[in-house]
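Report on the following structure.
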There are 2 protein chains.
Amino acid sequence: MNITLDDIARRAGVSRSTASRVLNNHPHVNPAVRERVWQAIRDTNYQPNHPARSLASRRSQVIGIVIPQPINALFADPYFPLLIEGIAQICNERQFSIMLELATTTTTDGNPYRLIGQRGFLDGAIVASAVEDEFLLQWLTRETIPVVVVGRITSHTSIPYVDVDNRYGAQKMIEHLLEQGYRRIATITGPMNIVAGRDRFAGYCDALTAAGLPVVHELVIEGNFSEQSGYNAMRTLLQCDPLPDAVFAASDMMALGALKAARAAGLDVPTDLALTGFDDIPLAAAMTPPLTTVRQPIGELGQSAARLLLDWISSAATQPAVQQVVLPTELIVRDSCTRSW
Amino acid sequence: MNITLDDIARRAGVSRSTASRVLNNHPHVNPAVRERVWQAIRDTNYQPNHPARSLASRRSQVIGIVIPQPINALFADPYFPLLIEGIAQICNERQFSIMLELATTTTTDGNPYRLIGQRGFLDGAIVASAVEDEFLLQWLTRETIPVVVVGRITSHTSIPYVDVDNRYGAQKMIEHLLEQGYRRIATITGPMNIVAGRDRFAGYCDALTAAGLPVVHELVIEGNFSEQSGYNAMRTLLQCDPLPDAVFAASDMMALGALKAARAAGLDVPTDLALTGFDDIPLAAAMTPPLTTVRQPIGELGQSAARLLLDWISSAATQPAVQQVVLPTELIVRDSCTRSW
DNA sequence: AGCGTAGTTGGAAGCGTTCCCAGTCAGTGG
DNA sequence: CCACTGACTGGGAACGCTTCCAACTACGCT
């Protein structure tokens, strides 16, 4: 029914082998023959059959993006879209396609990763999560295809990863607040079972320690990156006496929640309280007041991950040439931590 | 190197055919044999080879999501993520995988759709855009696999689509403003080359006409859904005399731009001017004041598209059973159009 | 003339499945 | 006791491509 390579070969008066060589740009084909084959391809609007190619060549030119988080939390902020966008740019350049594996439903055996089990389907995969998930790690260690993780994984040092420098980004943020004269700086941290949460908190501690200030227990509240958790954390902080003069939320969404809670309590930001976030989601600039935050180069993160993975795949080596990539963050100062006096 | 179905068959003491039958849940297999084969599969941790399966069965269990827009505009709002999420839910349920085709770079021949040309790769595709793009439409009409479009396409009535009722949603919004007592209602429309833009404007006209009010030319400004265009449009509207008492922006981002422009001109929303949007992006609720808007069931839209497509695929018919699905929208009333008197 | 060599080509063996087609065997009704 | 059925099973031909290997050609060198 469909046109096959045999049809092309016949039309061009060559063998299937030669037609295949032309299609794959192999050397050692007579230019005249090459042109004849291309002509036949054009005439017939021939499209190679993908499964047949992958089966024979043991390569699929497809990578997977695996997103293990429960999906409803997935797109609360534009992190994943931007990441995917970065990955897609590199993949498009290099003629790779992308499979999306959103681990929503758990299958009967409890393993949410279905697609990635199929042999020959993927040439490699990017895991977009720093959550240390049992099934995921199990799979990672067992898998035979190249896998790159976005976000540091502390428990498996042999797995290549790309990440942003969460720790130093948080540190710079606190340093900025200290420079502004704030001294009683609270933080609403991310979840401590996520490396990014731990790293950002570590940066907070670094800066305070370097300035000779103590990390005060009551000024540290754990959140989970969500707006609601920011709101709750702020309500807790409001019971401190004296109140903190600045609050560093480890995500912009938590900062938003915190802002609402502070406002509900009659406090003005930044007059009564400085507030800062992390991520620089679009909403951060649109908030009233615009939020000081830390920008992550999410697109570049995706690009780096894709480059690392694709280079690895084409090198056919056991280990990638580069094991880790850590990208810098950028402090974005806006009005939410402007001292008025 | 990898375990094949032959290995399983040998291990279970049956033929490859029988092993295949067990794997695919075919009837007419002795229960004892069936169990022996499953045992072998479990013992060896066997995973079927995807390309071989697709090649032999002429089915890939993969659908494509095609997003033709230039990618930088892609994730400005959470539309696509939510849509993909909806699609993914249905695909996961039915054991389908998703390929993401982000038409970023145009290839040398100008055709940005590369992946979807590969024979045997996809069982079907969802095109997530109402932009009427030359290459896309060309491809749509030539393609042999089932394709569903998200967003109405007016030029090819034979192509199945799912869409939200933009027109009626806009109409209800204007009706609400009329009920509130507003009479001089301006609108910042979407781009008129996009069906959603035209439909929302049509709804605006419907409501005014039904109320016996004229559509005043100077109160209609065309935008392009972006914040900047909303800002510019508002500046134009501010030159009207008398000023409009309400502005309906056809997207929340444009409403945000309009809000900034109004504020810059010293107007308060909603005291001096009512302002409403469309989309109900998360930012809408977080704005000051919270924005009255129209919510689209984007997740359901994705689900409907996926259901339509997968049903079509499994029916193996030329046309899907359902040709079109139109989902209702919901008016979300917040403070931005609350009359204070 | 003989020979190696490099460029070019075709033949054919896979790649790992699915699925059609016979074939076996036990059970059933005449 | 003999077809006849129907559940079950195995053999083998696809599916459409890549790639190894051998062969053929023309060429220039000794």
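Quick note on labels: first sequence line is chain A, next is B, and so on, each numbered from 1.
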Under 4.0 Å between a side-chain N or O of B:Asn24 and OP1 or OP2 of C:dT18? yes
Residue that, paired with B:Ile87, satisfies side-chain contact (heavy atoms from CB on, under 4.5 Å) out of B:Leu82, B:Leu301, B:Ile98: B:Ile98
How close or far is atom P of D:dC17 from atom NE2 of A:His50, stated in whole angstroms? 12 Å
Between atom CG in A:Leu23 and atom P in D:dG16, what is the gap in whole Å? 15 Å
May I ask you to decide if A:Gln89's main-chain N or O and A:Asn92's side chain share a donor-acceptor pair within less than 3.5 Å? no
Within a strict 4.5 Å, meaning less than it, do heavy atoms of the A:Arg53 and A:Asn24 side chains meet? yes
Side-chain N or O of B:Tyr46 less than 4.0 angstrom from OP1 or OP2 on C:dG16? no
Whole angstroms only, please: what is the CG-P distance between B:Asp6 and C:dG14? 13 Å
Would you say D:dG16 has OP1 or OP2 under 4.0 Å from some side-chain N or O of B:Arg58? yes
Could you walk me through whether B:Gln61 and B:Gln95 pass side-chain hydrogen bond (donor to acceptor under 3.5 Å, both in side chains), step by step? CA-CA 7 Å; B:Gln61 294 286 107; B:Gln95 314 270 65; over 6 Å; no
Just the rounded figure in Å: distance from P of D:dG16 to CG of A:Leu5. 11 Å
Between C:dT17, D:dT18, C:dC19, which nucleotide has the shortest distance from any of its atoms to the side chain of A:Ala56? D:dT18
What does B:Arg59 touch in the nucleic acid at a heavy-atom separation under 4.0 angstrom: a base, only the sugar-phosphate, or nothing? sugar-phosphate
Separation of atom CZ in B:Arg53 from atom C1' in C:dT18, rounded to whole Å: 10 Å
Can you measure A:Asn49 atom CG to D:dG16 atom C1' for me and round it to whole angstrom units? 6 Å
Do any N or O atoms from the side chain of B:Asp123 and from the backbone of B:Arg59 form a donor-acceptor pair under 3.5 angstrom? no
For atom CG of B:Asp7 and atom P of C:dG16, their distance in whole Å: 9 Å
Polar atom pairs (N or O), protein with nucleotides 4-8 of chain C, under 3.5 Å:
none

The residue among B:Val37, B:Val22, B:Ile8 that forms side-chain contact (heavy atoms from CB on, under 4.5 Å) with B:Val14 is B:Val37
Rounded distance (Å) that lies between atom P of D:dT19 and atom CG of A:Leu55: 12 Å
Got a sec, which residues hit side chain to side chain contact (heavy atoms under 4.5 Å, CB included) with B:Gln319, two or more places apart in sequence or on another chain? B:Gln323
If we ignore hydrogens and angles and just use 3.5 Å, is the side chain of A:Asp163 paired with the main-chain N or O of A:Arg152 as donor and acceptor? yes
B:Asn2 CG to A:Arg58 CZ distance, which is reported to the nearest 0.5 Å: 7.5 Å
Do any of residues 13-22 of chain A sit with a heavy atom less than 4.0 Å from DNA chain C, and if so which? A:Val14, A:Ser15, A:Arg16, A:Ser17, A:Thr18, A:Arg21
Counting side-chain heavy atoms from CB outward, which of C:dT17, C:dT18, D:dC17 is closest to B:Ala52? C:dT17
